[in-house]
Amino acid sequence: MSCDGSSPGEGARLAAVPDEGFWSAEKVAAYLGVSTAWVWKQVRANAGFPFVKLGTRNYRFSPAKVRAWVEQQPSEKRP
């Protein structure tokens with residue numbers, strides 16, 4: 001079961017996400033194959049998931065830092 005509650009391969013889809021600039025929560029979720037709710041849960045927990053706060057309610061994510069974060073996760077915890 002993945003972090004968003006779906007089974008592996010269930011509704012699997014590839015999303016085109018740009019390599020440059022910052023990603024939105026939706027693009028991070030598409031890249032990781034999780035729900036946007038999971039992404040926001042990680043931001044609220046502030047426990048190491050990489051994000052940049054650009055304003056009161058404006059958060060963005062560096063593609064390079066998200067990829068590095070994924071590589072640092074133990075394989076059983078990867079989304």
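The chain is numbered in sequence order, starting from 1. Computation of the quantities below employed the complete heavy-atom set of this structure, encompassing side-chain atoms and omitting hydrogens, waters and symmetry-equivalent molecules. Owing to the predicted nature of the structure, the values given are computational and were not obtained by experimental measurement.
- The two atoms that bring F61 and P50 nearest to each other are CD2-O, 3.2 Å, heavy atoms only.
- Across all non-hydrogen atoms, the minimal contact from P63 to G21 is CD-O, 3.1 Å.
- Note that the CG atom of N58 and the CZ atom of F22 stand 10.5 Å from one another [nearest 0.5 Å].
- By the side-chain contact (heavy atoms from CB on, under 4.5 Å) test, N46 is found to be paired with F51, residues two or more places apart in sequence or in another chain being considered.
- Taking all atoms of both residues into account, the shortest heavy-atom contact from V34 to W38 is CG2-CE3, 3.4 Å.
- For the atom pair K27 NZ and R60 CZ, the distance stands at 8.5 Å (nearest 0.5 Å).
- R57 is linked by a side-chain contact (heavy atoms from CB on, under 4.5 Å) to nothing, counting only residues two or more places apart in sequence or in another chain.
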Y59 vs V43, side-chain contact (heavy atoms from CB on, under 4.5 Å): CA-CA, chis, key distance, verdict: CA-CA 9 Å; Y59 294 83; V43 169; 3.9 Å; yes
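- Note that NZ of K41 and OG1 of T36 are 13.5 Å apart. Values are rounded to the nearest 0.5 Å.
- In this structure S24 satisfies the side chain to side chain donor-acceptor pair (under 3.5 Å) test together with E26, sequence neighbours excluded.
- Aromatic ring pairs are classed by plane angle as parallel below 30°, tilted from 30° to 60° and perpendicular above 60°; the pair W69 and F49 is perpendicular.
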